[in-house]
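Shown next, in structure tokens, is the structure this report addresses.
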Amino acid sequence: MIRLAESYYLNQDVVGLARDMLGKVLVTHIGGIVAAGLIAETEAYAGINDRASHAFGERRTNRNEVMYHRGGKSYVYLCYGIHHLFNIVTHDEGIPHAILIRSIIPIEGIEAQLRRRSQTIWKPSVTQGPGKVSQAMGITVKENGVSLLGNRIWVEDRGVDIPKEIVNISPRIGIDYAGEDASLPYRFYITYEGLKNHHLIF
DNA sequence: CGTACGATCTGCT
DNA sequence: GCAGATCGTACGA
């Protein structure tokens with residue numbers, strides 16, 4: 001188990017990084033509970049020229065301030081008044097890149113994740129969707145700005161290699177307002193079935 | 001200060 | 001498949 005170092009998050013290619021994060025393991029230690037999940041879906045948000053990004057046109061507010069910080073921090077914000085969406089800030093200071101984590105497959109603390117989701121048995125839909133990921137992992141806006149080099153939220157490389165054959169690419173979800181940028185292929189995902197077929201999980 | 005809307009989820013059909 | 005929930009945030013007056 002190897003925790004991703006700061007240098008990983010300073011990569012300037014946020015789209016390539018979003019692809020690379022598939023198969024990495026998101027871990028939280030929140031409320032005295034350790035939970036972990038395999039990252040199965042991501043979206044890249046590429047700075048001030050990306051109409052879908054909160055930082056489009058150099059927009060910089062209290063909400064998205066952390067996007068402008070050095071890579072390796074969390075960016076958590078509230079969507080539709082109820083959903084806490086968890087992003088990973090990348091690139092060096094001043095360039096607001098971020099990766100939205102949209103889906104995980106629980107690995108550790110599954111009981112706690114199910115409890116937080118008010119479910120009794122896991123199926124993909126239980127932790128599929130960015131709001132559900134945060135809820136299962138115990139992440140809220142209180143975790144906004146947390147360093148991924150600390151002991152509250154971090155990402156590990158546990159050696160799971162995701163072959164390109166099972167990686168799906170599509171436009172991002174729910175950003176119809178973004179004009180021509182709405183069709184950019186910045187969403188990456190793998191399915192539970194795809195992982196099973198390649199014997200990457202049980 | 002008022003208004004519009006959103007990187008979504010759930011439940012019901 | 002679809003409507004409704006629900007409220008913080010952004011932005012213009």
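Proteins get letters first, then strands, A, B, ... in listed order; numbering begins at 1 in each. Computed from a prediction, not measured in an experiment: that's the story for all the values here.
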Could you state the [atom1]-[atom2] distance from [X] to [N], rounded to the nearest angstrom?
{"X": "A:K123", "N": "B:dT10", "atom1": "NZ", "atom2": "P", "answer": "10 Å"}
{"X": "A:D181", "N": "B:dA7", "atom1": "CG", "atom2": "C1'", "answer": "13 Å"}
{"X": "A:F56", "N": "B:dG6", "atom1": "CZ", "atom2": "C1'", "answer": "17 Å"}
{"X": "A:N64", "N": "C:dG8", "atom1": "CG", "atom2": "C1'", "answer": "14 Å"}
{"X": "A:H97", "N": "B:dA7", "atom1": "NE2", "atom2": "P", "answer": "18 Å"}
{"X": "A:H84", "N": "B:dC9", "atom1": "NE2", "atom2": "C1'", "answer": "13 Å"}
{"X": "A:N144", "N": "C:dG8", "atom1": "CG", "atom2": "C1'", "answer": "13 Å"}
{"X": "A:R172", "N": "B:dG6", "atom1": "CZ", "atom2": "P", "answer": "15 Å"}

Give [X] one of three labels, base, sugar-phosphate or nothing, depending on what nucleic acid heavy atoms sit under 4.0 Å from its own.
{"X": "A:R63", "result": "sugar-phosphate"}
{"X": "A:N62", "result": "nothing"}
{"X": "A:I175", "result": "sugar-phosphate"}
{"X": "A:R117", "result": "sugar-phosphate"}

ring centroid sep under 5.5 Å plus plane angle under 30, A:Y80 with C:dA5: no
Between the side chains of A:Y77 and A:N87, does any donor sit under 3.5 Å from an acceptor? no
Taking atom types as modelled, is there a side-chain donor on A:Q135 or A:R117 under 3.5 Å from an acceptor on the other? yes
The answer to which of A:G174 and A:Q135 contacts DNA chain B further toward the 5' end, by nearest nucleotide, is A:G174
The answer to which of A:S125 and A:Y77 contacts DNA chain B further toward the 5' end, by nearest nucleotide, is A:Y77
Would you call A:R152 and A:S74 a side-chain contact if the rule is heavy atoms closer than 4.5 Å? no
Counting C-beta onward and ignoring hydrogens, is there a side-chain heavy-atom pair between A:E156 and A:K24 closer than 4.5 Å? no
Should [X] be listed as having a side-chain N or O under 4.0 Å from OP1 or OP2 of [N]?
{"X": "A:Y177", "N": "B:dA7", "answer": "yes"}
{"X": "A:R187", "N": "B:dA7", "answer": "no"}
{"X": "A:H83", "N": "B:dA7", "answer": "no"}
{"X": "A:R59", "N": "C:dC11", "answer": "yes"}

Might you confirm whether atom CD of A:E165 has over 12 heavy atoms from other residues, nucleotides or ligands at distances under 6.0 Å? yes
Selection from [options] that lies nearest to any side-chain heavy atom of [X]:
{"X": "A:M67", "options": "C:dC11, B:dC9, B:dA7", "result": "B:dA7"}
{"X": "A:I173", "options": "B:dT8, B:dA7, B:dT10", "result": "B:dT8"}
{"X": "A:I82", "options": "C:dG8, C:dA5, B:dA7", "result": "C:dA5"}

A correct dot-bracket answer for DNA chain B, with pairs being Watson-Crick or G-U at under 3.5 Å, [ ] for crossing pairs and | for inter-strand pairs, is ||||||.|||||.
Counting N and O atoms only, with roles assigned by atom type, does the side chain of A:R116 sit under 3.5 Å from a partner on the main chain of A:S134, one being a donor and the other an acceptor? no
If only atom types and distance count, is the side chain of A:N11 paired as donor or acceptor with the main-chain N or O of A:L17 below 3.5 Å? no
Is A:R60 close enough and on-axis enough to A:Y68, meaning under 6.0 Å and within 45°, for cation-pi? yes
